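Throughout, a chain's letter reflects where its sequence line sits, starting with A, and its residues are numbered from 1. Everything quoted here is computed from the prediction, not taken from an experiment.
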Protein chains: 2
Amino acid sequence: MKVTMKDIAKEAGVSVATVSHVINGTKNITEPKRSKVLEIIEKYHYVPNSTAKNLRTQSTKTAAMVVSSFTDSFVNGMIYGVEQKAREMGYSLLLVNTNEDEEYEKKSINLLYSKMVDGIILSPTSNDINYLNDFTESMPIVLVNRYNPVVKNAPRVTGDNFRVGYDATSHLIQHGHRNIGVIYAVPNVSTTEGRLAGYRQALEENGIMYDEEHLELGYATVEGGAKAAETLLKKEKDITALFIQNDLMTIGVISKLKELGLKIPENIALIGFGDSPSAAITAPPITNMVLPPQQIGAKAFESLSKLINGETHVENIELPASMVVRKSCGCE
Amino acid sequence: MKVTMKDIAKEAGVSVATVSHVINGTKNITEPKRSKVLEIIEKYHYVPNSTAKNLRTQSTKTAAMVVSSFTDSFVNGMIYGVEQKAREMGYSLLLVNTNEDEEYEKKSINLLYSKMVDGIILSPTSNDINYLNDFTESMPIVLVNRYNPVVKNAPRVTGDNFRVGYDATSHLIQHGHRNIGVIYAVPNVSTTEGRLAGYRQALEENGIMYDEEHLELGYATVEGGAKAAETLLKKEKDITALFIQNDLMTIGVISKLKELGLKIPENIALIGFGDSPSAAITAPPITNMVLPPQQIGAKAFESLSKLINGETHVENIELPASMVVRKSCGCE
DNA sequence: TCCTAGTGGTTAATCGTTTAACCTGATAAT
DNA sequence: ATTATCAGGTTAAACGATTAACCACTAGGA
């Protein structure tokens, strides 16, 4: 049998209230009793049942983070950031992986809603998150990375994806490229859309016609990248530069280009996204656009804790993008 | 205010017990009442408070997985395997990252012990896990990947690490190497020890003297790998092959070898560990020893659920190793 | 001496469910 | 007609903590 507070109280010859008070320091308990209680607790390795505590206090000191993938290094960075901050603030973290499955995402949010957690950090699978409005009034939710302005009462923390697309494209244009292809992974999410808007704007400012045929969608895997590169380059033979929005895909693209006998950056210049360690080590090293995932995660948890503590309006946060120049863009 | 079962009962004109029975199907409730209840539930978006349910049923349908890192791709694979299986069996998963911090691991287990979860899957930080014996009697725990036989009542599921070390070493020896260096990341854990034992055995069977100086410890990062390679090769100039036990380190080793002007596999042959997608894409592609992380994870959850369901003795499981031959070992 | 204030400790209500035990009618069996 | 069986539904006791309200006692002040 599991030992409860009642057992401790009985053995120490005090009431359960007293035991509770010595554990939580909610009232001054004088010496003979106090240490007796502590001693019995020690003796039985007693640890309070948090299920009961949760029910009584209506709080679990647990937050959930719902992400669409575990294998993505950017997502991993965000998780790390949230983890750190949560730990720092005395929270546990319930991680849920939706695997880019919208239905599973809804189900998970519903499950989480049953008071198992004090709040949710969500990186949505798609743009289609109207359903969240059923929850945001009674459950603290913050959106991270991806978002959709239709959701009310849920602050967001994101990266400056417009800038990611804009700077990458501008950089390539400055190096003389005018036919720039884009390989991307997830349609209909704010991140992709932001980057494409930046791409478009950069083209426009330089008097280059936007051509939808220069965009290629693929799966966010090594093979997906290789395949996307192949079909795009077969279709659009004048492309001289590629902006690839996912680091796994970049690896696939590189291998495909080698296979096709195309030299990087001489025949095709490359700019990738993310800061996975392999970027510096491939041949050639890849120039990347980067957003700070850990920071995004940390800020997200901060926002969430504000919400949990009853702050009524928490503002949106957008973190800046930067560029790590290596060899693949033909700079040096 | 949050709506409770009592509210539903009142509005439907029945008792809370009836509401509970229609929700859980624990008793036959006849038509007029039944649909009335359902209707009210729908109307208020009522969802049962699982905290209360947990307290009453003494079960949370939640398992925890405690790992030492999120950035490691092998660990990621295991998480994925556990996740899948848990979902399949109707469990939620609470993920805890100890960051290779022993103290934090202990604290986490203690926290988890307070009945927040039905069971724990642990990949321990170190070999020093005697403390677990305080828990294994009253909390289902299964060890995954790393283990220590001092822990009683906790079944384990692991990979055949002896074979990993043995096969890698034998393979290199068959290709004529006699001075084989080892770069590894975490001392005093069963995985490392198993692989080193295999390494040693392979040497012995081929009449090669074991030399402790051929082993080099480093951090499990790209830089850690580079650094380890540098100091090892400076110290032991006769080394012609390297067995590297971590995929991030492998990337670092490759870049360092390039920097030193050493060709792979001509000057130094390489065998790595893991199956991260970049292995196929580096120059040259890396020959790897592999263990199936998803399978390990899935099996671990199966064992855990047996434990949770009261099965008293669950046997240990060891999954086989395999080898993916590519260019870095000089085979082709 | 009497009153007030403060301190240490206990009693009992409460959080929102589940579920064993009980009750009430109706139906079936004798 | 009497009893046994059964099915649908309710009552109330848990589950294990927290905490407001209360009580008894001591000490200090007037």
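- Across the protein-nucleic acid pair, A:Arg34 atom CZ and C:dT7 atom P stand 17 Å apart, rounded to whole Å.
- In this structure, B:Lys61 atom NZ and C:dT18 atom C1' are separated by 16 Å, rounded to whole Å.
- Mapping B:Gly13 and A:Val16 onto DNA chain D by nearest heavy atom places B:Gly13 closer to the 5' end of the strand.
- The distance from atom NE2 of B:His45 to atom CZ of A:Phe135, rounded to the nearest 0.5 Å, is 7.5 Å.
- Distances shorter than 4.0 Å separate none of the side-chain N or O atoms of A:Tyr46 from OP1 or OP2 on D:dG16.
- As judged by a 4.0 angstrom heavy-atom cut-off over every strand, A:Asn24 is placed among residues touching the sugar-phosphate backbone only.
- For C:dG9, the OP1/OP2 oxygens have a side-chain nitrogen or oxygen of A:Thr30 closer than 4.0 Å.
- Taking every side-chain heavy atom of B:Thr57 into account, C:dT19 is the closest of D:dT18, C:dT19, C:dT10.
- Within the structure, every side-chain polar atom (N or O) of B:Lys6 is placed at least 4.0 Å from both OP1 and OP2 of C:dG16.
- To the nearest 0.5 Å, atom CG of residue A:Leu112 and atom OG of residue B:Ser50 are 9.0 Å apart.
- Between B:Lys33 and A:Thr51, the residue anchored nearer the 5' end of DNA chain D, judged by the nucleotide with its closest heavy atom, is B:Lys33.
- In this model, the phosphate group of D:dT18 is approached by a side-chain N or O of A:Ser20 to a distance below 4.0 Å at OP1 or OP2.
- The side chain of B:Asn28 contributes an N or O atom lying less than 4.0 Å from OP1 or OP2 of D:dG8.
- One finds a side-chain N or O of B:Thr18 lying less than 4.0 angstrom from the OP1 or OP2 phosphate oxygen of D:dT10.
- Judged by atom type and distance alone, B:Lys27 reaches the base of D:dG9 through a side-chain donor-acceptor pair under 3.5 Å.
- Below the 3.5 angstrom threshold, one finds no donor paired with an acceptor across the side chain of B:Arg56 and the base of C:dT17.
- Distance from the side chain of B:Pro48 is smallest to C:dT17 among D:dG9, C:dT17, D:dA12.
- At whole-Å resolution of the value, CE in B:Met5 and C1' in D:dT10 are 12 Å apart.
- Put simply, B:Gln58 has a side-chain N or O that comes within less than 4.0 Å of OP1 or OP2 on D:dG16.
- With respect to the salt-bridge test (charged N to carboxylate O, under 4.0 angstrom), the residues B:Glu83 and B:Arg87 qualify.
- Taking atom CD1 of residue B:Ile23 and atom C1' of nucleotide C:dG16, one finds them 11 Å apart after rounding to whole Å.
- The distance between atom CG of A:Leu55 and atom C1' of C:dC15, rounded to the nearest whole Å, is 4 Å.
- The distance from atom NE2 of A:His21 to atom C1' of D:dT19 is 6 Å, rounded to the nearest whole Å.
- Per the geometry, NZ belonging to B:Lys2 stands 10 Å off P belonging to C:dG16, to the nearest Å.
- Remark: side-chain polar atoms of B:Asn99 are not paired, donor with acceptor, to backbone N or O of B:Asp101 under 3.5 angstrom.
- Atom CG of B:Asn316 sits about 9.0 Å away from atom CG of B:Leu143, to the nearest 0.5 Å.
- Both cation-pi conditions hold for B:Lys2 and A:Tyr113: the charged atom is under 6.0 angstrom from the six-membered ring centre and inside a 45 degree cone around its axis.
- Distance A:Met116 CE to C:dG16 P: 17 Å, rounded to the nearest Å.
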